[in-house]
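Note sheet for the following structure.
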Amino acid sequence: MHSSAVFLIEFGAVILGLGLLGRLAGRFQFSPIPLYLLAGLAFGEGGLLPLGASEEFVATGAEIGVILLLLMLGLEYSASDLVSNLKTQYPAGLVDAVLNALPGAVMALLLGWGPVAAVVLAGVTWISSSGVIAKVLGDLGRLGNRETPVILSILVLEDLAMAVYLPIVTALLAGAGLAAGSVTLAIALGVAGLVLFLAVRYGRLISRFVSSDDPEKLLLVVLGLTLLVAGIAQQLQVSAAVGAFLVGIALSGEVAEGTHILLSPLRDLFAAVFFVFFGLHTDPASIPPVLLPAMVLAVITAGTKITTGYWAARRAGISTRGRWRAGGTLVARGEFSIVIAGLAVTAGIEPSLGPLATAYVLILVVLGPLTARWTEPIARQVTDRLAARRRPAPAGAVEGDGVARETVDDSDAVGRRS
């Protein structure tokens with residue numbers, strides 16, 4: 001059969017399958033991300049029926065998916081919102097780094113992998129998945145929630161931190177000297193700062209430049225600009241996701257609204273391809289030997305991410321329910337963790353690091369949408385039961401007391417934010 005025909009059959013089957021899985025998830029009212037990942041495992045390396053002809057296109061589509069997810073996320077907020085949140089939330093970024101990088105470093109040292117592998121695994125456990133979390137926030141209808149800016153601030157701080165972390169890791173893995181590593185780091189920081197400056201200072205001019213009454217022209221200009229900036233950022237050792245997010249931040253007003261409407265279908269398509277691609281490049285046979293340490297690490301760092309989100313949201317004056325939602329939403333790991341582990345595997349630092357990172361990310365990328373949905377209801381049930389045990393009183397009195405406390409908590413949150 002002709003190669004183009006095989007490609008069309010494979011890719012068409014993938015898209016059709018994703019649509020059916022999305023319907024199934026919608027019927028049971030949960031995120032389709034875990035089903036997309038399991039589909040990728042089934043048809044990837046070592047799976048039931050590995051794909052061949054469409055693999056390269058799926059890889060490119062996956063990169064576009066992450067870029068579009070972050071672009072659409074950036075469209076929800078203005079440049080002034082971003083700067084304000086970064087100024088107020090940088091302590092949460094420091095807490096996030098300490099709580100979530102430390103378990104990975106300790107695990108690598110306990111396994112006897114050495115200090116360089118410890119730095120790598122620390123990055124794997126530290127960084128949440130912006131792509132997965134952006135998709136989950138959209139699926140759950142939480143983009144307008146009060147805790148969402150806190151979540152986005154932590155994600156942006158993590159992505160910007162990657163501009164510092166990745167050059168350092170690359171230099172360590174290559175055995176480069178201090179001078180070479182410092183130059184790479186300076187370039188990365190300069191590019192990230194320049195893109196942020198342009199987004200904040202000249203956002204209105206950028207919006208005016210891309211604005212058009214013709215939907216076709218608006219779509220082409222915005223999509224082309226986003227891919228161009230993302231590619232340049234990545235070429236200069238800065239995350240493509242950061243570049244795409246800042247393009248979204250720079251657009252405002254009617255341009256942002258029109259772009260959101262035009263690109264939403266494309267985002268949904270390529271985001272689904274991204275999650276399938278993640279599963280396609282995981283060999284199921286490599287997971288069992290490292291499953292136990294990966295599960296231990298996943299449980300510990302799920303707890304530390306929930307703690308991070310809760311603390312950051314509390315500091316921002318968000319109500320108790322919003323704090324739990326923020327913590328649960330941050331659990332998912334994904335694209336950055338795999339990139340970091342891939343650098344170590346390519347350098348030949350530790351053969352088991354790649355499978356461990358893959359198993360760890362798969363666990364949390366499946367668990368993440370579930371914790372985003374269920375952390376707050378479970379925490380509320382546990383709190384209500386503990387309160388009932390402490391106050392042995394008639395049911396009506398206990399229930400009324402619980403409602404009063406929640407109302408006071410929400411009122412205090414509004415007062416602190418104002």
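If you read the sequence from its start, that first residue is 1, and numbering goes on from there. Only heavy atoms go into these numbers, but all of them, side chains included; no hydrogens, no water, no symmetry mates.
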Just by distance, do the side chain of [X] and the backbone of [Y] share a donor-acceptor pair under 3.5 Å?
| X | Y | answer |
| --- | --- | --- |
| S128 | L330 | yes |
| R333 | T125 | yes |
| E147 | A313 | no |
| S211 | S207 | no |
| D96 | A92 | no |
| R321 | E376 | no |

Work out which heavy atom in [X] is nearest to a heavy atom in [Y]; give both atom names and the distance.
| X | Y | result |
| --- | --- | --- |
| V210 | L218 | O-CD1, 3.3 Å |
| A117 | I349 | CB-CG2, 4.1 Å |
| V273 | G61 | CG1-C, 4.0 Å |
| A312 | V150 | CB-CG1, 3.7 Å |
| I318 | R323 | O-NE, 2.8 Å |
| A372 | V136 | CB-CG1, 3.6 Å |

Hey, does [Y] have a side-chain heavy atom less than 4.5 Å from the side chain of [X]?
| X | Y | answer |
| --- | --- | --- |
| W126 | P103 | no |
| I206 | L225 | yes |
| V296 | M107 | yes |
| L364 | L367 | yes |
| Y90 | I154 | no |

Distance check, rounded to the nearest 0.5 Å: [X] atom [atom1] versus [Y] atom [atom2]?
| X | Y | atom1 | atom2 | value |
| --- | --- | --- | --- | --- |
| T226 | L71 | OG1 | CG | 4.0 Å |
| L137 | M72 | CG | CE | 13.5 Å |
| L297 | L292 | CG | CG | 11.0 Å |
| L370 | T375 | CG | OG1 | 9.5 Å |
| L227 | I232 | CG | CD1 | 11.0 Å |
| I287 | L291 | CD1 | CG | 7.5 Å |

L68 vs L223, side-chain contact (heavy atoms from CB on, under 4.5 Å): CA-CA, chis, key distance, verdict: CA-CA 9 Å; L68 290 179; L223 184 59; 3.8 Å; yes
Result block: side-chain N/O donor-acceptor pairs under 3.5 angstrom for residues 258-272, not counting sequence neighbours:
{"from": "T259", "atom 1": "OG1", "to": "V255", "atom 2": "O", "distance (Å)": "2.7"}
{"from": "H260", "atom 1": "NE2", "to": "E76", "atom 2": "OE2", "distance (Å)": "3.2"}
{"from": "S264", "atom 1": "OG", "to": "H260", "atom 2": "O", "distance (Å)": "2.5"}

Do NZ/NE/NH1/NH2 and the carboxylate oxygens of D384 and R380 come within less than 4.0 Å? no
Tell me whether D139 is salt-bridged to R373, with the criterion being a basic N under 4.0 Å from an acidic carboxylate O. no
Are side-chain N/O atoms of T301 and Y360 paired as donor and acceptor at under 3.5 Å? yes
Output, in order, the C-alpha distance, side-chain angles, deciding distance and verdict of side-chain contact (heavy atoms from CB on, under 4.5 Å) for L121 and L111. CA-CA 11 Å; L121 195 56; L111 293 173; 5.5 Å; no
The test is side-chain contact (heavy atoms from CB on, under 4.5 Å); show your working for V106 and L110 and say whether it passes. CA-CA 6 Å; V106 171; L110 290 175; 3.9 Å; yes
Are W324 and I306 close enough, and set up right, to give a side-chain contact (heavy atoms from CB on, under 4.5 Å), and what steps lead you there? CA-CA 7 Å; W324 287 115; I306 291 174; 3.8 Å; yes
Surrounding CG of D213 (heavy atoms of other residues, nucleotides or ligands, distance under 6.0 Å), is the total greater than 12? no
